[in-house]
2 protein chains.
Amino acid sequence: MHSPSEENYLKALFALEYDGARPVNTNLLAARLKTKASSVTDMARKLQQKKLVHYRKYRGMRLTAGGRKVALDVLRKHRLWETFLVQKLNYRWDEVHEIAEQLEHVRHKDLIDRLDAFLGFPATDPHGDPIPDRRGVLRMPDSCPITVCRPGDRIRIVGLRDSSDELLRFLDRKTLRIGDTLTIRAIDDYDRSVRLTGEDKDITLSALAAGKILVEKL
Amino acid sequence: MHSPSEENYLKALFALEYDGARPVNTNLLAARLKTKASSVTDMARKLQQKKLVHYRKYRGMRLTAGGRKVALDVLRKHRLWETFLVQKLNYRWDEVHEIAEQLEHVRHKDLIDRLDAFLGFPATDPHGDPIPDRRGVLRMPDSCPITVCRPGDRIRIVGLRDSSDELLRFLDRKTLRIGDTLTIRAIDDYDRSVRLTGEDKDITLSALAAGKILVEKL
DNA sequence: CAAAAATGTTAGGCTTGTCTAAAAAAACAC
DNA sequence: GTGTTTTTTTAGACAAGCCTAACATTTTTG
Ligand SMILES: [Mn+2]
Ligand SMILES: [Mn+2]
Ligand SMILES: [Mn+2]
Ligand SMILES: [Mn+2]
């Protein structure tokens with residue numbers, strides 16, 4: 001079907017398009033995949049032949065409907081395996097990405113649907129990212145960064161703008177987790193830093209950090 | 001470290017040595033891996049360079065201590081993943097081999113030890129094969145084929161001579177499983193076929209089938 | 001033990017995925 | 001709009017892993 005490498009390219013392509021890059025530039029994809037532009041060009045031609053992307057020389061790539069479906073299948077696998085690793089094997093949320101990066105390429109008829117059932121059909125992965133369903137439908141999160149909240153708002157943390165290990169460990173140090181319920185106490189006029197309180201916490205976040213944390217208003 | 005292909009060669013080498021082939025012939029390994037003799041020769045040279053096998057032209061291969069350890073690690077992973085697939089994802093025992101063939105190559109510091117703990121440190125896989133411990137120690141099974149039993153013996157099925165899908169499905173049809181306790185009723189003088197009874201079964205096995213089933217006497 | 005058969009190795013080629021360096025095209029700047 | 005800078009593609013190379021066909025060695029056999 002598709003090689004691990006092809007799957008990685010398609011998943012990266014999906015992520016970049018999701019973030020608004022349309023079409024996706026050669027160098028952008030190269031940076032994301034830590035590879036060289038020339039390798040990306042080679043893969044672009046191969047994926048185009050397989051009708052997984054639209055590609056015109058010097059004009060970048062876009063996923064076709066078929067390529068998008070493959071990308072969503074890989075994303076589903078990635079996020080379900082991450083959920084397994086955290087919920088069942090007690091990994092920390094900053095340790096699972098690289099393992100899932102390998103597990104997402106394991107291929108078998110209904111392995112992933114059985115894993116989904118075993119995990120109780122989770123809606124999101126350990127980082128708060130929505131898990132595509134088996135048809136490839138991705139729930140659009142109804143959330144906003146903390147930076148757009150007002151003092152007095154009651155909020156719940158539902159996701160992150162990115163899941164870099166640095167951000168994840170930062171949140172661990174602040175004892176903030178997906179699902180936490182908090183109240184915005186104040187936003188400082190000088191540096192837009194945010195003071196929040198929860199159960200038994202009183203936390204101050206820089207505007208930089210607050211901008212990475214996605215919440216829903218309660 | 002080692003590529004999936006190298007790991008597959010080492011695991012196959014271990015299995016063939018375990019069955020008594022020492023040294024292992026090029027063609028034997030080629031048949032086992034469904035590849036060509038010339039590919040095996042190529043890999044022999046590479047594994048020798050990595051000091052994972054001893055190899056002399058025209059004389060076959062033998063695992064070194066290092067190669068044996070790698071093979072046992074892969075075997076451990078294979079059997080633990082098989083156990084996971086059967087116990088947690090409800091796969092049948094004849095479906096899990098090919099999936100484990102992929103999962104065994106996933107590499108991460110203590111993934112397999114965590115999986116081991118999650119499964120409750122199983123001693124054997126779904127086919128009754130012993131699971132090497134983390135140091136690479138493989139418990140030697142104390143079992144014999146049904147064919148060497150005598151009428152009147154009380155036995156427990158503990159393993160199989162091979163785990164081919166055909167044998168596994170044959171045993172399913174006969175409602176025989178690992179762990180079943182049975183009594184040998186008779187061995188026919190004409191064709192050495194065996195009649196056994198258990199809980200609520202009365203089964204006749206050909207000598208061919210009986211020779212594949214490993215039991216311990218109670 | 002010499003010829004024949006079986007087994008194993010080498011030579012050369014293919015594919016996938018990667019890279020560097022050179023060339024081409026596009027975008028930017030004045 | 002022309003020249004410069006940036007981006008992208010092409011050309012050519014390489015490693016891994018596999019293949020076929022030709023050749024070499026070992027084993028078997030009469
Ligand atoms: Mn991956
Ligand atoms: Mn995630
Ligand atoms: Mn394998
Ligand atoms: Mn097994």
Side-chain angles (χ1 to χ4, degrees), chain A residues 1-13 16-17 19-63 67 70-71 74 101-102 104-107, chain B residues 1-13 16-17 19-63 67 70-71 74 101-102 104-107:
Chain A
M1 203 66 255
H2 307 296
S3 70
S5 192
E6 288 167 343
E7 290 184 344
N8 286 339
Y9 273 88
L10 292 169
K11 185 158 64 86
L13 228 19
L16 294 171
E17 287 191 355
D19 288 354
R22 259 138 5 107
V24 175
N25 299 337
T26 300
N27 278 339
L28 188 63
L29 194 48
R32 173 107 187 178
L33 291 168
K34 294 181 162 54
T35 183
K36 295 293 139 83
S38 54
S39 304
V40 173
T41 301
D42 287 347
M43 187 58 85
R45 299 164 57 98
K46 185 177 329 173
L47 294 177
Q48 181 175 48
Q49 263 201 320
K50 289 191 163 198
K51 305 237 205 262
L52 296 168
V53 303
H54 297 293
Y55 167 62
R56 275 180 38 235
K57 263 181 159 187
Y58 295 103
R59 291 276 105 121
M61 271 185 273
R62 293 175 113 97
L63 288 170
V70 174
V74 179
E101 207 52 50
Q102 298 175 60
E104 71 190 2
H105 304 295
V106 172
R107 170 187 350 229
Chain B
M1 206 66 256
H2 306 296
S3 70
S5 191
E6 288 167 344
E7 291 184 343
N8 286 338
Y9 273 88
L10 293 170
K11 185 158 63 84
L13 229 17
L16 294 171
E17 287 190 355
D19 288 354
R22 257 136 12 102
V24 175
N25 298 335
T26 299
N27 278 336
L28 189 62
L29 194 48
R32 173 107 186 179
L33 291 169
K34 293 178 165 48
T35 183
K36 294 295 139 86
S38 55
S39 303
V40 173
T41 301
D42 287 347
M43 186 59 85
R45 296 162 60 81
K46 185 179 327 173
L47 294 177
Q48 182 175 48
Q49 262 201 320
K50 289 192 163 195
K51 304 236 205 263
L52 296 168
V53 304
H54 297 292
Y55 167 62
R56 275 178 40 233
K57 262 189 177 189
Y58 296 102
R59 291 277 108 119
M61 270 184 274
R62 291 174 113 98
L63 287 170
V70 174
V74 179
E101 207 52 51
Q102 298 175 60
E104 71 191 1
H105 304 294
V106 172
R107 167 186 353 218

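Naming: A, B, ... by sequence-line order, numbering from 1 per chain. Everything quoted here is computed from the prediction, not taken from an experiment.
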### Task
Report yes if a side-chain nitrogen or oxygen of B:Asn27 is closer than 4.0 Å to either non-bridging phosphate oxygen (OP1 or OP2) of C:dA6; otherwise report no.
no
### Query
Can you name the closest pair of heavy atoms from B:Ala71 and B:Leu10 and give their distance?
CB-O, 3.5 Å
### Separation of A:Asp19 CG from A:Arg22 CZ (nearest 0.5 Å)
11.0 Å
### Task
Look at the side-chain N and O atoms of B:Tyr55 and state whether any lies under 4.0 Å from the OP1 or OP2 oxygen of C:dG8.
no
### Query
Just checking, is any N or O donor in the side chain of B:Glu7 or B:His105 under 3.5 Å from an acceptor N or O on the other one?
yes
### Query
What pair of heavy atoms forms the shortest contact from B:Ala21 to B:Leu28, and how long is it?
CB-CD2, 3.8 Å
#### Entry: Residue-phosphate contact under 4.0 Å: B:Asn25 side-chain N/O, C:dT7 OP1/OP2
no
### Nucleotide D:dC18, atom C1' - distance to CG of B:Asn8 in whole Å
14 Å
### Query
Do the side-chain N or O atoms of A:Ser5 get closer than 4.0 angstrom to the phosphate oxygens (OP1, OP2) of C:dT16?
no
### Task
Determine the contact category for B:Asp42: base if any of its heavy atoms lies under 4.0 Å from a base atom, sugar-phosphate if only primed atoms, P, OP1 or OP2 are that close, otherwise nothing.
base
### Query
What is the nucleic acid contact for B:Ser39, judged by heavy atoms within less than 4.0 Å: base, sugar-phosphate only, or nothing?
base
### Task
Would you mind telling me which of C:dT7, D:dC18, C:dG17 lies closest to the side-chain atoms of A:Glu6?
C:dG17
### Query
Is there a donor and acceptor pair, one atom on the side chain of B:Ser38 and one on the base of D:dT20, closer than 3.5 Å?
yes
### Message
With a cut-off of less than 4.0 Å, is there a side-chain N or O of B:Tyr9 near OP1 or OP2 of D:dC18?
### Response
yes
### Message
Taking 4.0 Å as the cut-off, does a side-chain nitrogen or oxygen of A:Ser3 come that near to OP1 or OP2 on C:dG17?
### Response
yes
### Message
How many whole angstroms separate atom CD of A:Glu7 from atom C1' of C:dG17?
### Response
15 Å
#### Entry: Of A:Arg59 and A:Thr35, the one whose closest DNA chain C nucleotide lies more 5'
A:Thr35
### Atom-to-atom span, CZ of B:Arg56 to P of D:dT25 - whole angstrom
14 Å
### Task
Return the value, rounded to whole Å, for the distance between atom CZ of A:Arg45 and atom P of D:dT9.
9 Å
### Summary
To the nearest angstrom, the NZ-C1' distance between B:Lys36 and C:dT7 comes to 15 Å
### Query
If you check every side-chain atom of A:Thr26, which of D:dT9, D:dG17, C:dT16 has the closest atom?
D:dT9
### Task
In whole angstrom, give the distance that lies between atom NZ of B:Lys57 and atom C1' of D:dT26.
13 Å
### Query
Among A:Lys11, A:Lys46, A:Lys50, whose side-chain hydrogen bond (donor to acceptor under 3.5 Å, both in side chains) with A:Glu6 holds?
A:Lys50
#### Entry: Rounded distance (Å) that lies between atom C1' of C:dT16 and atom CE of A:Met1
17 Å
### Query
Within this structure, what is the CG-to-C1' distance between A:Leu29 and D:dT9, rounded to whole angstrom?
15 Å
